[in-house]
Protein chains: 2
Amino acid sequence: MSNCCGFNIEELADAFKALSNPNRLQIFQRLVSCCTPGTLCSVEDLNGLCVSELGEDLSVAPSTLSHHIKELQHAGLIKTQRRGKNIDCFVDPEKVELLKQFFNSQ
Amino acid sequence: MSNCCGFNIEELADAFKALSNPNRLQIFQRLVSCCTPGTLCSVEDLNGLCVSELGEDLSVAPSTLSHHIKELQHAGLIKTQRRGKNIDCFVDPEKVELLKQFFNSQ
DNA sequence: ACAACAATTCGACATATCTCGAATTATAGA
DNA sequence: TCTATAATTCGAGATATGTCGAATTGTTGT
């Protein structure tokens, strides 16, 4: 577990890998921007989109979409929660904050 | 060329892909942190490290290191400049700014 | 219990990536 | 010109990734 300047390189690399696929990046971007300005994205606020909504303008098979959601989840970028037949997705604000700080470290 | 919320998804994905490899991320992190605080990273300032210096604590073959440098360059994250036998590397502050803004878009 | 819908798992395939060693190019200095 | 050093290019091999279709699981409503 290599550590550099307070950042865990492996953790960051995993996050960037998850964002390196255009389809996944679009999913993430959509989740980030779906939160109403001024409010935090969190599970409590329920500012999320279900899996099928996230794949609407993506032209990938449901199985591929599911795979991408899991990748984002394993990288710690999003969290999920079942709501009836749907699975809602939410950005993890702490991880986003970590990434912000990385690029702000001069 | 897909565009979302003012961001070019392909461009961002290329940058994240370049940062998704732990070795490349460490190279980038080292370049980012080598700039003296308060100063901008730019070719003019010559606040760079040569290729071999960047690979010192990385335990990869020179050919691999060269490959990674080129990946970072193609993604627009760094710029290079020959100085005698060495090739100096510099972070591109504009690209870093773009990535900052992406994570700051709520 | 059954049908419909949402999502996941699994196996397979094509493609991309990471890495290396060997050979090559570029530069500086004797 | 010759040698040493820095870096790159090239080809190859192992591994990882993106994608799909088919089958399966979980949930709701009839």
Side-chain angles (χ1 to χ4, degrees), chain A residues 2 9-31 34 43 46 48-90, chain B residues 2 9-31 34 43 46 48-90:
Chain A
S2 59
I9 289 288
E10 300 293 334
E11 180 187 6
L12 287 170
D14 283 348
F16 290 136
K17 183 180 292 181
L19 298 176
S20 73
N21 176 273
N23 285 330
R24 277 198 300 268
L25 183 55
Q26 202 134 14
I27 293 169
F28 179 78
Q29 161 71 39
R30 221 177 144 190
L31 278 177
C34 80
V43 177
L46 287 176
L49 290 170
C50 73
V51 172
S52 56
E53 284 172 326
L54 285 169
E56 269 170 9
D57 49 2
L58 237 49
S59 68
V60 292
S63 56
T64 303
L65 182 60
S66 184
H67 165 72
H68 284 323
I69 298 281
K70 200 185 299 177
E71 294 281 306
L72 288 168
Q73 201 176 331
H74 283 161
L77 286 159
I78 68 172
K79 299 200 175 300
T80 62
Q81 191 175 33
R82 182 171 278 280
R83 179 174 51 85
K85 279 184 292 187
N86 306 297
I87 304 270
D88 286 335
C89 302
F90 315 88
Chain B
S2 60
I9 289 289
E10 299 294 334
E11 180 187 4
L12 287 170
D14 283 346
F16 291 137
K17 182 180 292 182
L19 297 176
S20 73
N21 175 274
N23 285 330
R24 277 198 300 268
L25 182 55
Q26 201 135 15
I27 292 169
F28 179 77
Q29 161 71 41
R30 217 173 148 194
L31 277 177
C34 80
V43 177
L46 288 175
L49 290 171
C50 73
V51 172
S52 56
E53 283 172 328
L54 286 168
E56 268 169 10
D57 50 1
L58 236 51
S59 68
V60 292
S63 57
T64 304
L65 183 60
S66 184
H67 166 72
H68 284 323
I69 298 281
K70 200 185 299 176
E71 294 281 305
L72 288 168
Q73 201 176 332
H74 284 160
L77 287 160
I78 69 172
K79 298 200 176 301
T80 61
Q81 192 176 31
R82 181 171 279 279
R83 178 175 51 85
K85 281 184 293 188
N86 305 297
I87 303 268
D88 286 335
C89 303
F90 315 88

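Convention: sequence-line order gives letters A, B, ...; per-chain numbering from 1.
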Give the first and the last nucleotide of DNA chain C, reading 5' to 3', that has any atom under 4.0 Å from a heavy atom of chain A.
-> dC5(C) to dT9(C)
For K70(A) and dT19(D), what is the distance between atoms NZ and C1' respectively, to the nearest whole Å?
-> 15 Å
Mind checking the CG-NE2 spacing from L58(B) to H68(B)? Nearest 0.5 Å is all I need.
-> 7.5 Å
Rounded to whole Å, CG of N23(A) lies from C1' of dG18(D) at a distance of 9 Å
Applied to residues 11-29 of chain A, the salt bridge (charged side-chain N to carboxylate O under 4.0 Å, His left out) test, sequence neighbours excluded, yields E11(A)-K95(A)
When rounded to the nearest 0.5 angstrom, what distance separates OG in S52(A) from CG in N86(A)?
-> 5.5 Å
Hey, what are the protein-to-nucleotides 1-7 of chain D N/O distances that come in under 3.5 Å?
{"from": "dA6(D)", "atom 1": "O3'", "to": "K85(B)", "atom 2": "O", "distance (Å)": "3.3"}
{"from": "dA6(D)", "atom 1": "O3'", "to": "N86(B)", "atom 2": "OD1", "distance (Å)": "3.2"}
{"from": "dA7(D)", "atom 1": "OP1", "to": "V51(B)", "atom 2": "N", "distance (Å)": "3.4"}
{"from": "dA7(D)", "atom 1": "OP1", "to": "I87(B)", "atom 2": "N", "distance (Å)": "3.1"}
{"from": "dA7(D)", "atom 1": "OP2", "to": "S52(B)", "atom 2": "N", "distance (Å)": "2.9"}
{"from": "dA7(D)", "atom 1": "OP2", "to": "S52(B)", "atom 2": "OG", "distance (Å)": "2.8"}

Phosphate-side-chain proximity, R24(A) and dG18(D), N/O vs OP1/OP2 below 4.0 Å = yes
Got a second to check how far I87(B)'s CD1 is from T80(B)'s OG1, nearest 0.5 Å?
-> 6.0 Å
When rounded to the nearest 0.5 angstrom, what distance separates CG in L31(B) from CD1 in I69(B)?
-> 7.0 Å
What is the nucleic acid contact for H67(A), judged by heavy atoms within less than 4.0 Å: base, sugar-phosphate only, or nothing?
-> base
Pairs flagged by salt bridge (charged side-chain N to carboxylate O under 4.0 Å, His left out) wherever residues 52-63 of chain A is involved - sequence neighbours left out = R30(A)-E56(A), R30(A)-D57(A)
Between P of dT19(D) and CG of N21(A), the distance in whole Å = 5 Å
Rounded to the nearest 0.5 Å, the CD1 atom of I9(A) sits from the CG atom of L25(B) at a distance of 4.0 Å
In short, A15(A) meets A75(A) closest at the heavy-atom pair CA-CB, 4.1 Å
Okay, side chain of R82(B), backbone of G84(B): is any donor-acceptor separation there less than 3.5 Å?
-> yes
Using the test ring pair (Phe, Tyr, Trp, His ring centres under 6.0 Å), find all partners of F28(B) that sit at least two apart in sequence or belong to another chain.
-> none
Per-helix bend value, the helix from dA1(C)-dT30(D) to dA30(C)-dT1(D), C1' rotation axes over five pairs per end, 10° rounding, shows 30°
Roughly how far apart are T64(A) OG1 and N23(A) CG, rounded to 0.5 Å?
-> 8.5 Å
